[in-house]
Amino acid sequence: MESNADWGSRGGLPQAFLTPGISSFSEFLKGFAPEFLPGGRSLPAGAAGTMSAQDIAPHGTTIVAITFPGGVLLAGDRRATMGNFIAQRDIEKVFPADEFSAVGIAGSAGLAVEVVRLFQLELEHYEKIEGVTLSTDGKANRLATMIRGNLAMAMQGLAVVPLFTGYDEETGEGRIFSYDVTGGMYEEHDFYSVGSGSMFARGALKKLFRPDFSAEDAAVAAVQALYDAADDDSATGGPDLFRKIYPVVAVVTEDGYRRLPDEELSALVEGIMDARRAVPDGPRSPLR
């Protein structure tokens with residue numbers, strides 16, 4: 001195979017770019033320039049034995065997803081940690097994958113963002129080559145394959161654990177998929193959460209979730225769950241009214257991906273904070 005320097009010096013494209021290719025961009029990159037893949041790198045020599053990967057690279061938590069009739073909501077807090085330090089207070093953890101899907105990241109923040117960008121390109125490349133978009137199941141499977149390719153880094157402590165959501169155009173429903181570090185894929189129902197605060201967020205959603213949620217109801221439940229996670233998990237950041245840092249909340253419906261603007265979230269968060277002043281532990285589900 002020609003090196004980049006060989007063909008770059010001649011001012012032309014390598015043969016790999018001039019022959020009909022496959023619909024998977026990540027598979028193409030694996031054959032042409034595997035060093036550009038997120039999983040194609042390794043930790044510096046000796047780093048794995050001297051300190052935890054969580055001490056040398058920012059990690060992101062917590063992500064929640066909730067389905068509602070006709071769509072799905074994905075939300076994430078804004079804190080990234082590095083060991084016992086707050087590495088960033090306003091990190092973005094929720095991204096559009098394409099027009100009808102979204103992905104939230106937990107785990108090693110830098111690698112996770114790279115995986116998301118590659119995943120976005122993967123879906124766009126497939127559509128250009130095949131002339132059609134992947135199905136929701138196809139998108140979820142492609143992401144699983146990419147996570148599997150990061151297994152070597154995950155074994156060194158730099159794991160990527162996304163939460164994938166999408167609007168299924170065939171069924172008209174919102175769907176949620178979770179993953180493990182080996183690329184195992186699992187479809188979840190109603191709601192789910194990943195990250196260090198996921199246990200607390202999921203516990204809150206068990207009490208708050210209703211199958212007849214509107215998109216607005218799902219947004220309130222998601223912010224309540226993230227607030228509860230931040231209340232018990234130091235790695236999860238709650239709403240910061242002084243800095244005007246709010247969770248990232250996005251909905252995916254038949255109209256496509258939409259991120260709730262800060263103006264809308266501001267009113268929602270302040271309403272929840274006012275209610276929490278009266279009941280610090282949050283709303284309670286009535287006994288039946």
Side-chain angles (χ1 to χ4, degrees), residues 16-17 19-41 60 63 65 67 71-74 76 92-155 158-189 192 194-195 250-254 256-257:
F17 286 83
T19 55
I22 57 177
S23 59
S24 172
F25 181 79
S26 59
E27 288 299 318
F28 167 78
L29 198 60
K30 185 186 296 184
F32 176 69
E35 68 275 11
F36 291 129
L37 290 170
R41 309 184 191 94
I63 307 296
T67 60
V72 61
L73 178 142
L74 188 65
E92 299 275 339
K93 304 179 190 177
V94 174
F95 306 89
D98 66 359
E99 185 179 1
F100 293 105
S101 61
V103 59
I105 59 169
S108 179
L111 275 176
V113 170
E114 282 194 69
V115 169
V116 168
R117 289 174 177 168
L118 185 60
F119 183 49
Q120 292 169 332
L121 188 56
E122 176 89 356
L123 299 184
E124 184 178 351
H125 180 79
Y126 179 91
E127 185 174 353
K128 288 180 176 179
I129 294 295
E130 300 294 337
V132 295
T133 58
L134 268 170
S135 66
T136 303
D137 288 294
K139 296 172 189 177
N141 280 313
R142 286 293 175 98
L143 184 54
T145 301
M146 294 172 63
I147 297 169
R148 196 172 300 121
N150 190 58
L151 182 58
M153 297 293 282
M155 297 301 290
L158 296 173
V160 175
V161 188
L163 193 57
F164 176 70
T165 60
Y167 172 77
D168 195 319
E169 296 180 85
E170 295 181 2
T171 64
E173 298 175 336
R175 300 175 66 186
I176 303 171
F177 296 87
S178 66
Y179 302 86
D180 61 34
V181 295
T182 67
M185 182 185 74
Y186 316 95
E187 182 164 9
E188 310 296 345
H189 301 282
Y192 201 70
V194 297
V251 295
V252 188
T253 64
E254 63 179 351
Y257 173 97

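FYI, side chains are in, hydrogens and waters are out, and symmetry mates aren't considered; it's all heavy atoms of this structure.
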Original post:
Is there a side-chain contact between Ile105 and Phe95, using heavy atoms and a 4.5 Å cut-off?
Top reply: yes

Subject >> Reported CE-to-CD distance for the pair Met146 and Glu114, which is rounded to 0.5 angstrom >> reply: 10.5 Å

Original post:
Taking only residues two or more places apart in sequence, or in another chain, which ones meet Phe119 in a ring-ring contact (aromatic ring centres under 6.0 Å, His included)?
Top reply: Phe164

Original post:
When rounded to the nearest 0.5 angstrom, what is the spacing between CG in Leu143 and OH in Tyr179?
Top reply: 4.0 Å

**OP:** Under the side-chain hydrogen bond (donor to acceptor under 3.5 Å, both in side chains) rule, collect the residues that match up with Glu99, sequence neighbours excluded.
**Re:** none

Original post:
Rounded to the nearest 0.5 Å, how far does CZ of Phe177 lie from CD of Glu187?
Top reply: 4.0 Å

**OP:** List for me each residue that meets side-chain hydrogen bond (donor to acceptor under 3.5 Å, both in side chains) alongside Asp180, sequence neighbours excluded, and say none if there are none.
**Re:** Thr182, Tyr186

**OP:** Considering non-hydrogen atoms only, spot the tightest contact between Ala65 and Leu74 and give its length.
**Re:** CB-CD1, 3.9 Å

Original post:
Which heavy atom of Tyr167 sits nearest a heavy atom of Gly172, and at what distance?
Top reply: OH-CA, 3.4 Å

Subject >> Side-chain heavy atoms of Tyr257 within contact of Val94, under 4.5 Å >> reply: yes

Subject >> side-chain hydrogen bond (donor to acceptor under 3.5 Å, both in side chains) partners for Ser101, two or more places apart >> reply: Asp98

**OP:** Could you name each residue pair satisfying salt bridge (charged side-chain N to carboxylate O under 4.0 Å, His left out) that touches residues 160-172, not counting sequence neighbours?
**Re:** Asp168-Arg175

Original post:
About how many Å separate OG1 of Thr133 and CG of Leu123, when rounded to the nearest 0.5 Å?
Top reply: 9.0 Å

Subject >> Which atom of Thr253 lies closest to which atom of Gly71, heavy atoms considered >> reply: CG2-CA, 4.2 Å

**OP:** Could you pull out the closest heavy-atom pair between Ala106 and Gly195, with the gap in Å?
**Re:** CB-CA, 4.1 Å

Original post:
Given side chains that start at C-beta, do those of Gln120 and Val116 come closer than 4.5 Å, heavy atoms only?
Top reply: yes

**OP:** Quick one: pull up OG1 in Thr165 and CD1 in Ile63 and give me the separation to the nearest 0.5 Å.
**Re:** 10.0 Å

**OP:** List the atom of Pro162, the atom of Ile147, and the distance in Å for their closest heavy-atom pair.
**Re:** CG-CD1, 3.3 Å

Subject >> Gap between atom CG of Leu111 and atom CG of Leu118 - 0.5 Å precision >> reply: 11.5 Å

**OP:** Please say which of Arg142, Lys139, Arg117 ends up in a side chain to side chain donor-acceptor pair (under 3.5 Å) with Glu122.
**Re:** Arg142

Subject >> Nearest atoms (heavy-atom pairs only) where Gly174 meets Thr67 >> reply: O-CG2, 3.6 Å

Original post:
Should Lys128 and Glu124 count as side-chain neighbours, where that means a heavy-atom distance under 4.5 Å?
Top reply: yes

Subject >> Contacts of type side-chain hydrogen bond (donor to acceptor under 3.5 Å, both in side chains), residue Ser178, not counting sequence neighbours >> reply: Glu188

